[in-house]
Amino acid sequence: RAAEQLLARHIGRARQQLMRRLPSAWAAALLRADLRRLAWTFAGDGEVGLFAGRPAVVTIRGNPLCKGVQAAEPGCDFVCALLERLFTVLVHPSCRVVETACESCGAPECRFEVRW
């Protein structure tokens, strides 16, 4: 639902249509710019890093979902689902997001890899 709200209210229809027509790498670059602007919606006051490549990488240092939480496995399912929905709709239909490191497990930041 959070991703749908971002699509409905924060990423304009014309921009979405453009992104769907562009090659995936270009659409991903535009989405990274949008995520930079909208980081507060999924990272609160955490520091977000967005990196191009295959896989594309999103990091969150100071993730509010992990404050005071200790876990054996990464658990930022909300962020994974939000990113996966946005990348699937706007970049490529086969995008998958996997959290490969998590602050709640002792990592210095949460790290999400986006593959398509």
Side-chain angles (χ1 to χ4, degrees):
R1 289 186 196 189
E4 296 306 323
Q5 288 297 314
L6 290 177
L7 290 167
R9 296 183 179 181
H10 298 287
I11 303 173
R13 268 183 208 217
R15 186 169 177 90
Q16 290 181 42
Q17 289 174 351
L18 170 65
M19 291 167 78
R20 289 181 182 124
R21 289 187 174 113
L22 290 173
S24 297
W26 294 3
L30 290 178
L31 181 54
R32 279 192 310 277
D34 290 333
L35 291 174
R36 200 169 279 111
R37 178 176 54 83
L38 299 168
W40 61 273
T41 63
F42 62 91
D45 61 355
E47 179 183 325
V48 175
L50 300 152
F51 307 95
R54 298 289 289 268
V57 175
V58 178
T59 61
I60 304 173
R61 188 177 295 266
N63 189 342
L65 295 175
C66 297
K67 288 185 180 169
V69 177
Q70 291 182 345
E73 298 178 359
C76 301
D77 297 337
F78 168 78
V79 177
C80 280
L82 181 135
L83 293 173
E84 188 166 290
R85 178 67 178 153
L86 293 175
F87 274 88
T88 298
V89 168
L90 299 172
V91 176
H92 195 279
S94 69
C95 280
R96 295 295 170 254
V97 176
V98 176
E99 185 177 14
T100 58
C102 186
E103 289 178 329
S104 66
C105 298
E109 62 191 11
C110 295
R111 177 185 170 93
F112 305 89
E113 293 186 358
V114 184
R115 299 178 188 275
W116 65 89

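Note: hydrogens, waters and symmetry copies are ignored here, and every other heavy atom, side chains too, is used. Model, not experiment: these values are computed from the prediction.
Through chains of ILVMFWY side-chain contacts below 4.5 Å, Phe51 is grouped with Val57.
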_Working for salt bridge (Lys or Arg N to Asp or Glu O under 4.0 Å), residues Arg85 and Glu4_ = CA-CA 8 Å; Arg85 178 67 178 153; Glu4 296 306 323; 2.4 Å; yes
*Take Leu82 and Val79 through the side chain to side chain contact (heavy atoms under 4.5 Å, CB included) test and state the conclusion after the steps.*
CA-CA 5 Å; Leu82 181 135; Val79 177; 5.7 Å; no
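For the atom pair Phe78 CZ and Phe42 CZ, the distance stands at 9.0 Å (nearest 0.5 Å). Annotation: the span from Cys110 atom SG to Asn63 atom CG amounts to 4.0 Å, rounded to 0.5 Å. Between atom CG of residue Leu31 and atom CZ of residue Arg15 there is a gap of 8.5 Å, rounded to the nearest 0.5 Å. Within the model, atoms CD1 of Ile11 and CG of Asp34 stand 4.5 Å from one another, a figure rounded to the nearest 0.5 Å. Note: Leu90 CG to Cys95 SG = 9.5 Å, rounded to the nearest 0.5 Å. Note that the OG1 atom of Thr88 and the CG atom of Leu83 stand 10.0 Å from one another [nearest 0.5 Å].
Val98 has its side chain out of reach of Val114: every pair of non-hydrogen atoms, C-beta onward, lies at least 4.5 Å apart. Taking the side chain as every heavy atom from C-beta outward, Glu103 and Arg61 approach each other to under 4.5 Å. Looking only at side-chain heavy atoms (C-beta outward), Arg111 and Val58 stay at 4.5 Å or farther from each other. Contact annotation: the side chain of Trp116 never approaches that of Pro93 to less than 4.5 Å [non-hydrogen atoms, C-beta and beyond]. In this structure, Ser104 and Pro74 have side chains that are not in contact, with every pair of non-hydrogen atoms separated by 4.5 Å or more. Residues Val48 and Thr59 fail the side-chain proximity criterion, which asks for heavy atoms closer than 4.5 Å. By the 4.5 Å heavy-atom criterion applied to side chains, Glu84 and Arg96 are counted as neighbours. Put simply, the side chain of Leu65 does not reach to within 4.5 Å of the side chain of Val69, judged on heavy atoms.
Applying the side chain to side chain donor-acceptor pair (under 3.5 Å) criterion to Arg36, with sequence neighbours excluded, gives no partner residue.
Closest heavy-atom contact between Glu99 and Gly75: OE1-N, 3.4 Å. Minimum interatomic distance between Cys66 and Cys102 (heavy atoms only, all atoms of both residues): SG-SG, 3.7 Å.
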Considering only distance and modelled atom types, tabulate donor-acceptor pairs under 3.5 Å from the side chains of residues 20-28, sequence neighbours left out.
from, atom 1, to, atom 2, distance (Å)
Arg20, NE, Val89, O, 3.4
Arg20, NH2, Gln16, OE1, 3.4
Ser24, OG, Val91, O, 3.3

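Other residues, nucleotides and ligands place more than 12 heavy atoms under 6.0 Å from the CD atom of Gln17.
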